[in-house]
Amino acid sequence: MISHKHADRRPAAPSTDTGNPGDGVRARRRGQFGLAVALGVSAAVMAGCAADSRQPPRPAQTPATPTTDAQVIWNPYDHLPKVPSFRLTSTDVRDGEPMPRAQRSGVLGNRDGQDLSPHLSWSRFPKDTKSFAVTVYDADAATGSGFWHWAVADLPASTTSLPTGAGAEHSTRLPKGAYQLPNDARMTRYLGAAPPAGSGRHHYYIVVYALDVKSVKPLGVDNDSTPALLGANLSSHTLARAVIVPWAKARTDSE
């Protein structure tokens with residue numbers, strides 16, 4: 001920033017040359033012209049500095065958009081480290097299609113829900129996979145953190161499928177060594193979809209993780225850990241991730 005004192009803006013002193021009188025007039029004019037130029041440059045520099053010091057206007061904040069039937073508003077897995085995918089199929093659920101009644105929740109209030117975990121089958125995962133984990137997560141639950149419906153850890157690397165209903169309480173249909181974590185209702189089992197009336201579509205992320213560790217227990221994930229703690233540890237040990245996303249809405253909501 002350039003600073004100008006009052007003394008800098010005084011007109012030039014008249015010429016003391018006693019020669020031609022016109023020379024003094026010309027000198028005064030030259031001094032006045034120089035002053036005008038200096039003041040103009042100073043004004044331009046000061047204006048530029050002021051413009052540079054101003055912060056750009058903040059854009060108007062957009063209100064949060066409610067979940068609609070036409071789109072997925074937030075995909076939680078977009079914010080995790082990028083990893084390859086592999087093939088995941090199910091005879092019970094389909095990506096982008098409604099959740100069947102068998103995979104809805106009777107425990108949480110749907111009269112026709114059966115709380116049966118879906119059949120899952122996977123292939124084409126990395127050859128160096130040492131174990132698998134499976135989770136089911138409702139990203140649209142109005143909790144501020146979603147809702148975990150199911151979490152299974154330490155599935156052996158030889159496992160390539162789970163039958164329908166493997167997520168029952170005290171399940172005998174999981175492979176040896178695998179264990180279920182308590183869901184967000186603190187039940188150690190699969191809980192089906194149960195979106196509240198008026199909340200629109202909820203999207204259920206059914207995810208199979210191919211991991212670089214044989215067990216997550218040494219990472220601090222024990223039988224009573226939360227699915228969120230499991231997920232936090234999986235993020236740095238996931239070789240590949242496969243996802244199916246069916247949806248559900250309350251039976252009282254219009255289709």
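When reading the values below, keep in mind they use all heavy atoms of this one structure, side chains included, and skip hydrogens, waters and symmetry mates.
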Between [X] and [Y], is there a donor-acceptor pair closer than 3.5 Å when you use the side chain of the first and the backbone of the second?
{"X": "S117", "Y": "G167", "value": "yes"}
{"X": "N183", "Y": "W150", "value": "no"}
{"X": "R173", "Y": "T164", "value": "yes"}
{"X": "D92", "Y": "H119", "value": "yes"}
{"X": "D138", "Y": "G146", "value": "no"}
{"X": "H149", "Y": "G192", "value": "yes"}
{"X": "T238", "Y": "L234", "value": "yes"}
{"X": "S171", "Y": "A166", "value": "yes"}

Roughly how far, to the nearest 0.5 Å, is [atom2] of [Y] from [atom1] of [X]?
{"X": "D154", "Y": "L230", "atom1": "CG", "atom2": "CG", "result": "9.0 Å"}
{"X": "M187", "Y": "S105", "atom1": "CE", "atom2": "OG", "result": "7.5 Å"}
{"X": "I206", "Y": "I244", "atom1": "CD1", "atom2": "CD1", "result": "6.0 Å"}
{"X": "D184", "Y": "S145", "atom1": "CG", "atom2": "OG", "result": "6.5 Å"}
{"X": "S161", "Y": "W122", "atom1": "OG", "atom2": "CH2", "result": "6.5 Å"}
{"X": "D128", "Y": "F125", "atom1": "CG", "atom2": "CZ", "result": "10.5 Å"}

* Would you sort out whether Y209 and S131 count as a side-chain hydrogen bond (donor to acceptor under 3.5 Å, both in side chains), showing the intermediate values? => CA-CA 8 Å; Y209 310 77; S131 70; over 6 Å; no
* Over 60° means perpendicular and under 30° means parallel, so classify the ring planes of Y137 and W148, tilted if in between. => tilted
* To do: Report the relative orientation of the aromatic rings in H202 and Y204; use parallel for angles under 30°, tilted for 30 to 60°, perpendicular for over 60°.
  =>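 It falls in the parallel class, under 30°.
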* Asked: side chain to side chain donor-acceptor pair (under 3.5 Å) with Q103: which residues, sequence neighbours excluded?
  -> none
* Asked: Among all residues two or more places apart in sequence or in another chain, which pass the side chain to side chain donor-acceptor pair (under 3.5 Å) test with K217?
  -> N223
* Structure fact -> On a heavy-atom basis, the closest approach of P182 and P227 is O-CD, 3.1 Å
* **For P118 against S90, the heavy-atom pair lying closest together** => CB-OG, 4.2 Å
* **Residues D224, R186; criterion salt bridge (charged side-chain N to carboxylate O under 4.0 Å, His left out); working and verdict** => CA-CA 9 Å; D224 197 46; R186 302 308 292 167; 3.4 Å; yes
